2 protein chains.
Amino acid sequence: MDDTDRTLVGLLLQDATRSYAALGDAVGLSAGAAHERVRKLRAGGVIRRTTVDVDPAALGQGVLAFVLVDSSAWMGDSAEAFAAVPEIQEAHVIAGSASVLVKVRTSTTERLQDVLRRLYDIPGVSGTQATVVLETFFERPPDPHSPA
Amino acid sequence: MDDTDRTLVGLLLQDATRSYAALGDAVGLSAGAAHERVRKLRAGGVIRRTTVDVDPAALGQGVLAFVLVDSSAWMGDSAEAFAAVPEIQEAHVIAGSASVLVKVRTSTTERLQDVLRRLYDIPGVSGTQATVVLETFFERPPDPHSPA
DNA sequence: CTTGAAAGTCGCTCCGG
DNA sequence: CCGGAGCGACTTTCAAG
């Protein structure tokens with residue numbers, strides 16, 4: 001994982017339809033060498049898959065909310081229970097007063113309420129605290145060049 | 001946007017390298033018809049771009065945190081200020097006691113602390129409250145078939 | 001919407017250096 | 001790592017039903 005690899009990842013994040021010839025040009029390598037590097041990035045799990053960036057609003061999911069889930073029991077094995085709710089896009093176990101933080105997308109706030117209700121069906125869930133997003137400034141992929 | 005379109009989007013979310021012939025087979029259409037539908041989904045902004053799914057940990061960004069940002073002023077025009085911090089992956093204006101919620105990825109908690117310090121450099125920011133993620137259950141794209 | 005065909009591009013793999 | 005050569009597959013567009 002040198003800086004050339006990071007640049008390749010950055011280019012693919014912007015547009016994964018680039019040809020290997022174009023990738024090579026951008027980093028000063030031949031198409032074959034660029035191809036080999038990308039192949040290794042995929043094999044090594046850095047690049048998981050080629051996918052598509054979808055506008056949630058265009059799919060009718062214009063409401064975004066983050067929900068803090070309180071629990072009265074250990075939630076470390078509840079991943080599938082959260083995954084079973086299709087409106088939940090992310091679920092994280094967190095440090096702090098709450099136990100789990102989930103990111104939810106729905107069409108309306110009524111639907112959001114419905115998701116909250118379903119959260120209570122998950123064993124151990126004792127409470128929820130929803131925060132509705134008014135405006136999303138941006139959502140972007142990780143920066144491969146981030147100093148971090 | 002009928003159900004066939006949603007299925008096409010779902011297939012492309014899983015693997016955007018699928019050929020139009022394979023897409024057509026999956027939904028019972030010819031390759032040409034599938035191609036035309038996907039073209040329209042792109043033109044209509046439903047599909048924004050073809051990209052790549054990257055493992056943040058493989059990029060050295062193993063620490064994930066959500067930060068509630070309190071403010072003493074209107075933050076509606078501060079999108080660029082947040083975007084200028086590369087470790088910030090998402091920034092949302094929220095309803096509730098805090099003003100902005102940001103999602104941050106760094107290599108270490110020390111780096112996270114550094115990001116928090118930079119947040120205070122943004123005009124209007126009066127406080128932060130960071131929640132560190134202990135384990136991510138899952139992160140996935142929106143479900144195009146979600147009843148929403 | 002279908003089938004079929006054409007032309008161009010690219011993926012992918014091989015080689016020799 | 002480079003350059004080039006080669007084959008197969010895919011994209012993209014078109015016509016005609």
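Excluded from the calculations below are hydrogen atoms, water molecules and symmetry mates; all remaining heavy atoms, backbone and side chain alike, are included. Worth saying up front: this structure is predicted, and the values here are computed from it rather than measured.
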Below 6.0 angstrom between ring centroids: does that apply to A/F138 and B/H92? no
Are any protein N/O atoms closer than 3.5 Å to N/O atoms in nucleotides 15-17 of chain D? If there are, list each pair with its distance.
none

So, does [X] use its side chain to make a donor-acceptor pair with the main chain of [Y] at under 3.5 Å?
| X | Y | answer |
| --- | --- | --- |
| B/R49 | A/V52 | no |
| B/S30 | B/A33 | yes |
| A/E90 | A/V104 | no |

Assign a letter to each nucleotide of nucleotides 1-13 of chain C from its 5' end: B, base within under 4.0 Å of a protein heavy atom; S, sugar-phosphate only; -, no contact. SSB------SSS-
When the distance from NZ of B/K40 to C1' of D/dT12 is rounded to whole Å, what number comes out? 16 Å
Passing candidate, side-chain contact (heavy atoms from CB on, under 4.5 Å) with A/V67, options A/T128, A/I88, A/V132: A/T128
Excluding sequence neighbours, so at least two apart, what forms salt bridge (Lys or Arg N to Asp or Glu O under 4.0 Å) with B/D3? none
Is the count of non-hydrogen atoms from other residues, nucleotides or ligands lying under 6.0 Å from A/E36 atom CD greater than 12? yes
I'd like to know if the side chain of B/S71 pairs up with that of B/S99 as donor and acceptor (distance under 3.5 Å, no hydrogens or angles considered). yes
